[in-house]
Amino acid sequence: MDQTTSKVKSMYEQYPYPSGDPTIRPGFDIRLLLSYVANQRTSDKPLQVLDAGCGRGPGVIGAASLQPDVMFTAIDINSVGLAEASANAKARGLTNINFVQADLMTLEGLEVPEGGFDVIYSSGVLHHLADPQIGLNNLTKILAPHGVISLMLYGSFGRQALYRLIEGIDILSPKDDPIESRIPMGRLLAKAAEETVFKDNYWKNTYRNPDVEFVDTCLNVNEVSYDVTSLWQLIEQANMKFLRWVEPDVWSVEKRFDDPELLEKLQGLSDVEQYQIIERLFEVPKLDFIICGADNFAKPKLTEAEVDSSIFAVNPETSFSIEKRNQNQSQRIESVSYKVRHRESQNVTDPILAQLVLLLAEQTTCFSGADLVNVLAQSSVDREIAIEVIFDLLDEEVIFIP
């Protein structure tokens, strides 16, 4: 184990990260992730997923709880966090997670399934490695040809206010001092930052974080961050392709800007140039994205001729809200809305769309495009309009094609 990895391991075993209970995280539904690529798996064996850097395991435990037919392998260098994660999974009766202590710089001790992992998930880990490029390259070697990798790395532009605080803490309390002795002064400086560099931004209330979170954020022994340019270099040097952002709306000029003249100019730029402007004008501290192998590519957009025969499912990252009012021996629907991931809730006013959303809110199995068209046809909705509504639901990611 290299010296940097040893320091990181020691820090996280002293302050096992993250705090909190198991949770459902965006970008961790396996079938949804695999739906983004054209190359499909041919095996009927259980899906194999690697959580590369699981920590205390809240993400993988949450994912495994909801996907019992998927086999998860969760690795970390932190023996303390792994022991807690394993005990937590056992207490919940989960039998589809295998916890393994392994170093992403070498992957020694990790047993790779035949054909590779279908999905690799790694959130907030690679940027703490001695060499993130080596870590990513290692992961690409154990990815199945049809597979995808879901990653979160720190965004350098979105963390500028935090880095100013960290530099201040390092002056006030030198890095060589024991971490536990640095926490009190670090908190006091972070509290003072509430009225300066942290005023009304993402980092507000950092000083209130539990020790585990505060150490990870403000006193970490090793980390790097990325802008769009260096991120693209990291991906290309691993011989991988950028597929999409986990939340595309964050990186959409159409969602971010409304001035027609400015928007027209922005739309004339390349995607990367648009992303570079967004990261400079908006605070994006985390880069959540999905990549695939060089021989894979994004699934082509659905054509109208393919709608009837296509099989759809409700996006598991979509939630629905139906407000009803009880009346005399009946109920009246007051409002219908949906929310995808952390986007703003969308109130549905169009009666045709509302009809479909009401149906989807109760749908737990897959269905065909023909089923949706036929449901609307029973309400005298023309096929052309029905197809348009289906495409709108796809664009909004309310539904997807597994």
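Between Y12 and Y17, the angle of the ring planes lies from 30° to 60°, which puts this pair in the tilted group. Classification of the W245-W232 ring pair by plane angle, with boundaries at 30° and 60°, yields tilted.
Checking side-chain atoms of Q67 against main-chain N and O of I30 turns up a donor-acceptor pair under 3.5 Å. A donor-acceptor pair under 3.5 Å is absent between the side-chain atoms of N138 and the main chain of G135, judged by distance alone. Proximity of a side-chain donor or acceptor of D118 to a complementary backbone N or O of L47 within less than 3.5 Å is not detected.
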query = After noting the C-alpha distance and the side-chain angles of D249 and S252, does the key distance pass the side chain to side chain donor-acceptor pair (under 3.5 Å) rule?
reply = CA-CA 5 Å; D249 280 11; S252 167; 5.5 Å; no
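With contacts defined as side-chain heavy-atom distances shorter than 4.5 Å, the pair P18/E213 qualifies. Between F257 and L266, some side-chain heavy-atom pair lies under the 4.5 Å cut-off. For the pair R56/P58, a side-chain contact is recorded, criterion being any heavy-atom separation below 4.5 Å from C-beta on. Between I352 and L376, some side-chain heavy-atom pair lies under the 4.5 Å cut-off. Looking only at side-chain heavy atoms (C-beta outward), D51 and I75 stay at 4.5 Å or farther from each other. Contact check for V348 versus Y338: side-chain heavy atoms found under the 4.5 Å cut-off. Within the 4.5 Å cutoff, the side chain of H128 has no heavy atoms near those of the M11 side chain. Side-chain contact check for C218 versus L165: some heavy-atom pair is nearer than 4.5 Å.
Donor-acceptor pairing under 3.5 Å is recorded for the side chains of Q14 and E180.
The environment of E304 atom CD is sparse: at most 12 non-hydrogen atoms of other residues, nucleotides or ligands sit within 6.0 angstrom. Crowding of R31 atom CZ: a count of heavy atoms from other residues, nucleotides or ligands under 6.0 Å not exceeding 12.
Cation-pi geometry between R244 and Y36 is met: the NZ or CZ atom falls under 6.0 Å from the ring centre, inside 45° of the normal.
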